[in-house]
Structures are given as structure tokens and as C-alpha cells.
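This report concerns only the one structure given below.
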Protein chains: 2
Amino acid sequence: MRNFIAMTDVQNRPYHHGDLRRAIIETALDMLRDDKNWQFTLREVARRAGVSHAAPYKHFPDKAALLVELAMIGFDRLREALAGAKPEAPQSLLEEITPISLAYVAFGTDNPALYRLMFSAEEGRAVGMHLDQRALAVFDVVLDMLGRGQAAGTIRKRPVRGQATAAWALIHGITLLAIDGLLVPEKVGSAPLDAAIATLVDGLAIPQPNT
Amino acid sequence: MRNFIAMTDVQNRPYHHGDLRRAIIETALDMLRDDKNWQFTLREVARRAGVSHAAPYKHFPDKAALLVELAMIGFDRLREALAGAKPEAPQSLLEEITPISLAYVAFGTDNPALYRLMFSAEEGRAVGMHLDQRALAVFDVVLDMLGRGQAAGTIRKRPVRGQATAAWALIHGITLLAIDGLLVPEKVGSAPLDAAIATLVDGLAIPQPNT
DNA sequence: GATACATTGTTGACAGTGGTAACATTGCGA
DNA sequence: TCGCAATGTTACCACTGTCAACAATGTATC
């Protein structure tokens with residue numbers, strides 16, 4: 001790779017970029033970060049990368065392929081975000097659910113376009129994505145947490161995949177509602193996120209008689 | 001309105017359609033029903049309505065305006081679907097939650113493109129939509145159900161809007177997951193929908209000591 | 001080192017899209 | 001009846017994704 005050469009410099013630039021594939025992905029991620037309002041054109045990516053509009057086709061068969069690539073990176077980052085939110089020494093296992101849930105929602109609201117991308121994926125391509133190991137790893141975080149909770153006797157004895165689905169659905173749903181700006185107080189009250197997580201915890205935890 | 005004239009008949013057709021606005025909406029709804037894979041072009045609507053590609057602009061300022069109109073119809077239909085699913089004489093109030101939840105998810109999976117439309121709404125336009133009376137009416141169904149449950153002592157005493165948000169988020173989330181085909185058994189188990197609703201009910205209901 | 005080939009760029013085209021402007025036709029009220 | 005507002009049509013614009021043809025470069029082989 002030719003160091004010390006700004007690839008976006010239109011002047012004296014080598015004919016071959018050298019690392020265009022990575023440059024395209026990073027440029028696209030930048031655009032996803034900026035453009036909240038979800039207009040994402042391949043030509044704009046090429047423009048920002050300082051390259052002709054057809055150049056990306058040498059690295060991705062079509063636009064959807066690039067989007068899938070970006071989405072997979074999103075799953076990696078989401079998994080990292082959840083892992084980083086897991087408390088060191090959780091007092092009660094249930095206390096683990098709240099910070100992880102908040103981290104999930106925060107990831108969505110911090111990266112709205114990327115998060116939406118991870119669940120868009122036209123024509124059933126989403127299925128393949130979500131069965132990929134990198135996406136399953138996110139789900140495994142939830143499965144693991146609930147499984148340990150069942151073993152510890154704090155979480156209801158139910159099929160753990162069903163419980164994980166409930167948690168996933170609720171957090172996914174409220175993340176999207178938050179991204180779309182739909183959690184307005186006059187409709188959902190003053191603390192919708194906390195309330196939703198509280199109800200989720202109540203649905204998962206074995207009720208304590210004294211509380 | 002000129003009766004007995006098929007407006008899609010290319011031959012002897014009057015210059016003026018007579019009821020193009022309604023025709024456009026119905027054609028668009030048809031397209032939403034057919035096209036699962038979410039390509040919805042204004043020109044295709046015009047084509048199917050047998051009219052030039054610029055004609056719709058005499059009735060809608062732009063494409064987004066038509067989409068909003070369609071989404072509002074979606075909210076009406078969703079409210080009707082939920083109302084129709086409410087049992088006549090519910091034994092326990094909690095038993096009301098399950099059929100209504102199932103009806104909600106069924107509406108989404110039966111009308112995937114329309115349901116997605118109701119939550120797409122580019123650039124914050126969704127907020128206005130969801131604060132419209134026709135959309136709030138859907139939420140009111142949930143609020144009313146939970147409020148009665150609290151009064152009857154079967155549902156936890158918590159801010160009802162927060163509980164409704166939890167229910168909305170979970171059902172909305174699992175509806176989208178179902179629409180996207182993401183509820184594959186190897187990931188979420190064999191009965192993800194029932195499991196999710198069960199966890200929701202547990203989170204809303206006051207736990208019974210004997211169960 | 002010269003040469004052939006695969007890689008990776010560029011340009012230019014195509015069809016299709018949302019949207020606007022200019023124009024044509026019609027309905028309807030003064 | 002006349003004139004205007006409403007509602008159609010056509011022609012155009014900029015833009016998109018995608019492809020084919022061509023140009024420049026890196027690289028393996030003799």
C-alpha cells in the first residue's frame with residue numbers, strides 16, 4: 001500500500017487505489033453515521049471515496065452485497081457493545097439484563113442507519129445474514145445470560161430460546177421505536193424505556209413473594 | 001362519477017378519470033398487498049391505474065404524501081383487526097391479551113408491506129403520523145385493556161403508558177421479525193410467538209402464588 | 001528484464017425513478 | 001356562453017444502479 005498519499009486527493013493520485021475495498025466500506029460507514037435519513041447511493045460512496053462510479057463494482061457484485069457487508073460489521077459492533085456493557089461482577093443476574101438492554105438500545109439510537117440496515121436486507125436476504133455466526137453471536141449473549149439465570153434459579157424455567165426471543169423482540173421493537181422518534185411522552189409516558197425493560201424483567205424473573 | 005366504464009380500459013376512456021384519487025389509493029393498496037419485496041414506484045401505480053406518470057401529482061404533492069395516506073388507512077385497518085379480535089366476554093382479562101397480540105402479529109404478516117410503511121415514514125414524518133388520532137386509536141386499545149386490568153387487580157400497578165409501551169414494543173418487534181422471516185426455529189425455538197406473548201403476559205400480570 | 005495476463009481503474013451508455021414545466025382537455029360557475 | 005379552475009398529458013431534468021468497452025497497472029513466467 002502506498003503510504004502518505006491521500007487517496008481522496010484528485011490531483012496526483014495513482015491510477016490504482018491500492019485498498020479501495022476497505023476505503024469503500026469505511027466511507028460507507030461514515031455515510032451511515034452522518035445520514036440519518038437513509039439515503040445511501042453507491043455513486044455517492046464512490047464520489048466520497050474519490051473514485052469513479054463504477055469502481056465499486058470491481059469489489060462488490062452489487063449494492064446489496066456492500067450493504068450486507070456493512071450489516072455484518074454492525075453485528076460485530078453490536079456484540080462488542082453488549083459485551084462491554086456486561087457488569088464485571090453482577091450482583092443479581094437480573095441486574096445484568098438492564099445494562100445490556102440499555103446498551104442495545106443505545107447502539108441503535110447511536111447508529112440508526114446502520115441498525116436499520118442490519119434488519120432491512122431486501123428479499124429474504126436478511127435470513128441468511130441473521131443465521132451467520134456473526135449475527136448469532138449477538139443472540140448468544142442473550143441466550144447465555146438467560147441460561148445462567150435459569151441455572152441460578154432467578155429466571156423462570158421456560159424454553160430459553162423462547163425467552164430470548166421475547167427479550168429480543170421487545171428490545172428490538174423499542175429500539176426501532178426510539179430510532180423513529182416514536183417514543184413521545186404524551187403517548188408512551190415519561191420513561192418508556194425503563195418501563196419496558198422493567199416489564200421485560202418481570203416477565204423473565206421468578207417472582208419474589210416479598211416484593 | 002361515470003359508472004360502468006372501466007377506467008383501466010385504454011380505449012374509449014374519458015380524458016378525466018373522475019375519481020382518480022381514490023383509484024390511485026386502491027391501486028397502491030393492491031400493489032402493497034402483492035409486492036412483498038417493497039418496491040413501490042409512483043410510476044407503476046400510475047401505470048396500473050391506466051394514467052400518465054404525472055397524473056398522481058395532481059392529487060398528491062409527492063410520493064411521501066401518498067405513502068402517509070396509505071399508512072393512515074393501515075392504522076384504521078389495524079384498529080379494526082384488533083377490535084375484531086377482542087373476545088366477547090373475556091374470562092380473565094389476561095386472556096384478552098393473547099388474542100389481541102396474535103391479531104396484531106397476523107395483521108403484520110398478512111400485510112407486510114403496509115405494516116412496514118406505517119413505521120417507515122422518512123425524515124421524522126412518522127412522528128406526526130403516530131400522533132394522529134387514527135394511530136393513537138390503536139394504542140388506545142392497549143391502554144384501555146391494561147387500565148381495566150389494573151382496576152380489576154389482575155395487572156401490576158405501574159404507569160399504564162409504560163406497560164403499554166412494553167407491550168407495543170414487544171409485539172411490534174416480533175411482528176417485524178416475523179415479517180422479515182427471522183423467526184427461524186434453529187434460532188428462536190419452535191414456538192417463538194407463543195413464548196414471547198407468554199413472557200409479556202408474565203411481565204404484565206400480578207403473579208399468582210399458587211401457580 | 002521483457003512479456004503476457006489478471007486486476008483494477010475509467011468512461012459512456014442504458015433503463016428506470018421522482019419531480020417539474022408547458023400544454024391540452026374538461027367541468028362548472030358567473 | 002364564456003372563462004377559469006381542475007385535471008389530465010407530454011417532454012424534460014437530474015439522479016440512480018448496472019453493464020460493456022476500454023485503459024492503466026501489478027505480477028508471474030520465461
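Reminder, nothing fancy here: chain letters follow the sequence lines and each chain counts from 1.
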Centres of the Y115(B) and Y104(B) rings: under 6.0 Å? yes

For the rings on H130(B) and F139(B), is their centre-to-centre separation under 6.0 Å? no

Figure out the [atom1]/[atom2] separation between [X] and [N], and round it to whole Å.
X: R47(B); N: dT9(D); atom1: CZ; atom2: P; value: 13 Å
X: L42(B); N: dT17(C); atom1: CG; atom2: P; value: 10 Å
X: L20(B); N: dT25(C); atom1: CG; atom2: P; value: 19 Å
X: K63(A); N: dC15(D); atom1: NZ; atom2: P; value: 16 Å
X: D19(B); N: dA6(D); atom1: CG; atom2: P; value: 17 Å
X: F60(A); N: dT18(D); atom1: CZ; atom2: C1'; value: 16 Å
X: D62(A); N: dA20(D); atom1: CG; atom2: P; value: 14 Å

Nearest-nucleotide pick for Y57(B), side chain only, options being dT20(C), dT18(D), dT16(D): dT20(C)

Which nucleotide in the set dT18(D), dG9(C), dT16(D) lies at the smallest distance from any side-chain heavy atom of V51(A)? dG9(C)

Short side-chain N/O contact to dG9(C) OP1/OP2 from S52(A), under 4.0 Å: no

Contact class for [X] (heavy atom, under 4.0 Å): base, sugar-phosphate, or nothing?
X: R21(B); value: nothing
X: H59(B); value: sugar-phosphate
X: K58(A); value: base

Could you give the distance from CZ (R47(B)) to OG1 (T27(B)), rounded to the nearest 0.5 Å? 13.0 Å

Can you say whether a donor on the side chain of H53(A) sits under 3.5 Å from an acceptor on the base of dG9(C), or the other way round? no

Distance-only donor-acceptor test (3.5 Å): side chain R43(A), base dG17(D): yes

For the residue pair L146(B) and R158(B), establish whether any side-chain heavy-atom pair is separated by less than 4.5 Å. no

On DNA chain D, does the nearest nucleotide to A54(A) precede the nearest nucleotide to E44(A) from the 5' side, or the other way round? Give the residue. E44(A)

Side chains of E44(A) and Q39(A): any donor to acceptor distance under 3.5 Å? no

